[in-house]
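Proteins come first, then strands; the chains are lettered A, B, ... in the order of their sequence lines, and each starts at number 1. Predicted model only: the values in this text are computed from it and were never measured.
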Amino acid sequence: MDFLFALLGATLRISTPILLAALGETLIERAGILNLGIEGTMVLSAFCGFVVAHLSGSLWLGLVAAILTGILLCSLMGLLSVTLNLNQHVAGLGITLLASGLALFSFRLVYGGSSTPPSLDHSFPQLAIFKGTVLEPLFSQYGITYVALLLVPLLGWLLQNTAFGLRLRSVGENPEAADIAGLNVYWVRYQALIVGGALMGLAGAFLSLAQLGAFTHGVVNGRGWVAIAIVIFGNWQPSKVLYGALLFGFLQALQLRLQAQGIPLPYEALLALPYIITIVILALAGRNASYPAALLKPYRREGA
Amino acid sequence: MFRLERGSPPVWWRALLPVLAVLITFLLVSLAIWAAGANPLDVFYEMLIKPLTKRTARFEILVQATPLLLTGIAVTYAFAAGYYNIGAEGQLYAGALMGALLGPKLGGLPPFFAITVMLLAGFLGGVLWALVPALLKVRLNVDEVVTTLLLNSVIIFFISALLNGVWRDPISGWPRSPSIAESAQFPGIIPRSRVHLGFLLAILAVISLWWILKKTRFGLELRAAGLGKEAARFMGVPVAKTMLTAALISGGIAGLAGVSEVAGVHYYLIDGISPGYGYTGIIVATFGGLQALGVTIAGLFLALVDTGALSASRSLGIPVYLGDIIQATLLIVTLAVLLLNRYRPVRSR
Amino acid sequence: MPLPYISLKNLCKRFGSLTANENVSLELYSGEVLALLGENGAGKTTLTKMLYGIYQPDDGEIFLAGSPVRFRSPADAIRGGVGFVSQHFSLVPSFTVAENIVLGREGAAILYKEALNNKVKQAAERFGLKLEPSALVRDLSVGEQQRVEILKALYRNCQLLILDEPTAVLTPQDVEKLFATLRHLQNQGLSVIIITHKLDEAMAISQRVAVLRLGKLVGVEATKKTSARELARLMVGRDTVPVTKNLEHDAEKTVALSAKNLTVKDKRGLTTLKEVSLELHKGEVLGIAGVAGNGQTELVDVLTGMREPESGSLSLNGKTLTLGNARAFEMAGVGRIPEDRLKGVVGDLSVAENLTLEHIPQFTQRGHLKTGAMTQEAERLISAFQIKAKATDKARTLSGGNIQKIILARTLSRNPSVVIAAQPTRGLDIGATTFVHEQLLAQKDRGAGVLLLSEDLDEILRLSDRILVMYGGSIVGNFLAHEANVETLGLVMAGSKHVSA
């Protein structure tokens with residue numbers, strides 16, 4: 001029983017950054033933009049959060065810095081894909097390459113090539129609820145994890161039951177109709193990017209300020225790509241995105257447990273599983289996948 | 001004074017745009033260099049001019065350019081056909097894997113045959129890894145961007161499993177594949193340098209890219225499919241078949257880049273044999289304007305940036321990641337500057 | 001004299017070298033319906049798009065209740081009391097009716113579905129529009145979608161409603177309903193601009209008619225004091241002389257193209273083309289009339305080799321055609337003019353490439369392109385069809401008329417056995433339209449069978465020897481041209497009953 005709860009606790013912990021990033025990506029894709037900048041956005045956010053927290057001594061300042069970094073990079077994505085109407089794949093990839101490069105470059109500048117990477121004296125603590133019960137190992141989580149879990153119903157509600165959500169979905173389904181209805185399509189898409197970017201920044205902060213308490217070369221390690229997969233897995237709905245993130249977290253947690261117990265197993269197979277599942281889902285859904293109708297389509301008012 | 005007007009730009013204008021992109025990139029990157037406390041001009045000299053003055057460095061650029069040209073060509077085939085293959089990285093690894101699997105077993109063959117087998121195996125590996133997303137695209141209309149991207153991670157996990165499993169050196173514990181047979185190693189083509197057969201291969205690939213796109217029916221149909229899918233279909237172009245073929249050629253050439261790194265540089269497979277050549281290939285193709293000559297220049301230029309960034313980091317202490325920043329900035333700036341391609345300069349009254 | 005609600009002073013709009021509107025000045029008063037009349041390409045839509053902030057005028061001014069305004073976006077125009085129902089509806093198919101209507105005017109940050117539906121229902125009742133607020137737009141008929149569009153504009157308190165060719169997608173009976181709604185709204189003080197190229201409609205609904213020709217306003221008449229004949233003269237610029245078809249020329253009874261039981265289903269499994277059979281004879285023009293969206297697009301797709309039907313067969317001169325294979329159709333002798341000409345050329349390829357790609361096997365030797373022969377052929381066609389372009393120009397830099405000439409040139413120069421011409425003159429100016437008509441009639445005189453699909457009834461009546469009518473994916477009417485007229489065709493197009501002459 002303890003093993004199970006510990007495993008589930010680890011699942012929640014590992015799922016958190018993926019969930020946050022995938023929720024951010026969900027909002028952005030629902031507005032019609034595929035943001036391949038997600039991976040780099042998480043790297044640079046993790047770095048900026050870390051460096052600010054390390055130099056100022058304030059985790060909260062670090063958190064703010066990470067979120068602002070996410071917003072900034074997603075705004076850059078907006079500049080390229082919304083304002084300039086550039087190809088979203090290539091622009092997003094460019095941002096990932098640029099942000100990762102900037103993070104590693106700056107890390108070298110600040111900390112040199114020292115062999116012992118710096119780490120924070122204190123990272124965010126874990127908050128235990130249900131203390132002393134069997135549930136304690138499951139609910140000893142970082143505060144950001146609880147936030148992420150609360151965000152799932154909140155974002156679902158936001159998309160379905162608010163004017164903001166209606167507008168966001170409209171620019172992702174039929175931007176021309178939104179424009180004719182008097183909305184500023186560009187601004188609505190920027191709003192989605194800003195909120196989504198904040199979530200991606202929070203995901204980066206979780207890695208460097210809570211889970212690791214440090215910044216390393218491979219701090220994000222493809223979690224952004226996993227998030228992209230999970231958005232599809234979750235059919236662009238926050239609640240189902242949660243399941244995808246939990247599945248990934250569970251496989252990863254299981255793999256770590258098995259490895260720690262010395263069970264010889266090609267654990268990479270478990271890591272690759274979510275990717276393969278996503279591809280299978282795409283293949284099965286095929287033409288019926290419920291992509292936001294205007295995903296990947298830049299919008300420009302005709303004649304403008 | 002000049003102003004811009006919508007329309008077909010003159011040739012000189014189109015040729016000017018890449019230069020403009022490079023200039024803007026260097027202006028932007030200067031900020032990063034200043035932040036590092038160095039003089040941008042010194043750094044650019046160290047990076048871009050000095051390597052050209054030294055023989056070793058000049059040839060090192062060609063070694064570095066080999067995978068970049070091949071992945072750039074691979075991406076060009078796909079992008080020109082309107083197929084957004086983001087998976088050159090994974091296809092490169094697939095080619096490298098095939099080389100690493102077959103290479104050690106080719107000891108008995110004369111070099112000519114062994115190398116031919118290696119090339120075919122690398123090409124085939126890339127084709128196989130490109131096959132599933134390509135089929136999903138043409139048969140079920142599944143977006144290729146996500147599938148090719150995800151498969152990159154899958155093959156890297158797979159190779160990592162081999163390296164940490166059956167291939168792990170029992171004594172040193174070093175995760176590397178067995179060395180390939182000597183007869184399967186690519187010969188050097190320039191004495192006293194590391195330039196190997198792979199570079200020749202890249203040049204051949206560039207020439208055939210030019211010839212196929214410009215001179216053959218397949219190339220015309222490929223461009224038509226990429227520039228206007230529906231219209232191409234209306235004019236009788238077998239769009240699905242053309243796109244599928246382009247996607248597989250793209251995968252195959254990326255596979256060649258992988259096998260060329262195994263058989264020409266390392267002689268075995270290690271984790272991280274490609275520091276993202278597949279992604280850099282997208283930069284090469286985009287900056288090269290999806291054309292043979294442009295891709296050649298772009299590949300050589302980015303190789304210079306890579307090589308130069310390394311030497312600048314040694315001599316000036318600038319973090320080597322400056323090279324990555326320059327390449328990524330160049331990609332973004334190029335995309336933006338290409339917008340000007342829709343305009344032409346007009347002398348205003 | 002009351003102040004006009006909105007007035008335009010010397011509005012100009014250019015697209016590159018094309019002048020879409022030149023010095024248009026016009027006034028509109030509250031509670032009046034103005035018909036904006038003109039041929040395809042006369043600049044009607046451009047003018048109204050400037051009124052709705054979609055286009056920015058290059059010159060000239062707009063005055064709202066006497067004071068100058070600039071509409072930089074639709075949002076500005078909405079604030080100025082302008083509503084716009086475009087020809088191609090701009091609705092979000094996956095949203096409900098209510099969501100589409102309140103979009104951008106939600107009234108509160110949080111949406112309560114019940115309250116929203118009630119609000120929309122009340123609005124619909126107030127304006128006399130029958131709509132179910134909770135229905136998904138993608139499940140609605142075309143007529144219902146149009147009502148959503150109108151209510152969307154009214155919900156934004158528009159004082160001026162612009163309707164761009166609202167009747168093009170409606171049956172004559174639905175047109176009557178629309179006009180009743182418009183009269184009702186007009187009585188409530190609303191101003192309406194209705195764009196049309198149909199004289200009868202302009203006469204039936206408007207108080208005044210403004211006529212555009214080649215981008216210029218050529219006359220504003222009080223409807224009561226003018227006549228359809230007078231308006232036609234203004235529209236065309238001369239007394240209308242129809243292209244004369246050779247009535248002496250008796251159609252041979254030899255079947256050129258024969259279609260049997262063609263059936264097409266859409267993505268959702270609905271049958272959009274039902275068991276359509278037809279025979280096209282040598283030396284005739286067979287017109288296919290119908291309201292847009294009744295299976296014509298699917299029929300064209302099958303007949304041009306762009307789509308494989310679920311069932312059915314096609315044969316040309318007795319030989320069966322490989323369905324869904326554009327090149328096989330072309331090689332067998334089916335000349336094809338696509339519904340959307342921009343899907344007939346690749347804009348970023350050169351004129352020469354666009355002129356030859358369709359017949360590329362002829363310009364290929366063992367996989368190599370014979371570039372010399374391609375250029376030669378391109379130059380021959382450019383001069384034969386008077387295409388205003390160089391062989392090396394990119395196709396997208398050409399005007400619509402010249403792009404259409406590329407398509408005509410490459411396909412008609414091959415002397416095809418049959419010509420499938422879908423909407424061949426849509427959006428072309430008068431000169432280009434006449435050119436296309438002459439070319440099609442020349443094909444007929446040569447002995448080819450010409451299948452003409454058009455939403456323009458006048459065009460169908462003017463060129464055809466026989467006319468079929470499509471409704472709901474089937475052929476429901478079959479007329480000889482001289483026995484058909486707008487009224488009978490209209491009735492059949494509405495699907496009221498099967499009439500055969």
J.: One thing to verify: whether A:R169 and C:E99 come together as a salt bridge, which I'm taking to mean a side-chain N less than 4.0 angstrom from a carboxylate O.
T.: yes
J.: Which one of C:T46, C:V102, C:L103, C:I110 has the most heavy-atom pairs closer than 4.5 Å to chain A?
T.: C:L103
J.: Using a 4.5 Å heavy-atom cutoff, which residues in residues 74-81 of chain C come close to chain A?
T.: C:P74, C:A75, C:I78
J.: Can you tell me if A:E25 uses its side chain to pair, donor with acceptor, with the backbone of A:I38 under 3.5 Å?
T.: no
J.: Give a yes or no on whether the backbone of C:N21 and the side-chain of C:T19 come within a donor-acceptor separation of less than 3.5 Å.
T.: no
J.: At a heavy-atom separation under 4.5 Å, does C:A153 approach chain A through its side chain, its backbone, both, or neither?
T.: neither
J.: Pick from A:N161, A:N174, A:L158: which one has the most heavy-atom pairs with chain C under 4.5 Å?
T.: A:N161
J.: Tell me, for A:L183 versus chain C, whether the close heavy atoms (under 4.5 Å) come from the side chain, the backbone, both or neither.
T.: side chain
J.: Kindly state whether the ring of A:W225 and the ring of A:Y275 have centres lying under 6.0 angstrom apart.
T.: no
J.: State, to 0.1 Å, how close A:L193 and A:G78 come at their nearest heavy-atom pair, and which atoms those are.
T.: CD1-CA, 3.4 Å
J.: Looking at every non-hydrogen atom in both residues, tell me the closest pair between A:E29 and A:W236 and how far apart they are.
T.: OE1-NE1, 2.7 Å
J.: Is the side chain of C:Q56 donor-acceptor paired with the backbone N or O of C:F71 at a distance under 3.5 Å, no angle test?
T.: yes
J.: Pick whichever of C:L91, C:L116, C:I101 has the most heavy-atom pairs under 4.5 Å with chain A.
T.: C:L91
J.: How close do A:F248 and A:V226 get, counting heavy atoms only, and between which atoms?
T.: CD1-CG1, 3.6 Å
J.: Where on C:Y52 is there a heavy atom nearer than 4.5 Å to chain A: the side chain, the backbone, both, or neither?
T.: side chain
J.: Using non-hydrogen atoms and a 4.5 Å limit, figure out which bit of C:S73 sits close to chain A: side chain, backbone, both or neither.
T.: both
J.: If the condition is ring pair (Phe, Tyr, Trp, His ring centres under 6.0 Å), which residues does A:F206 pass it with, not counting sequence neighbours?
T.: A:Y142
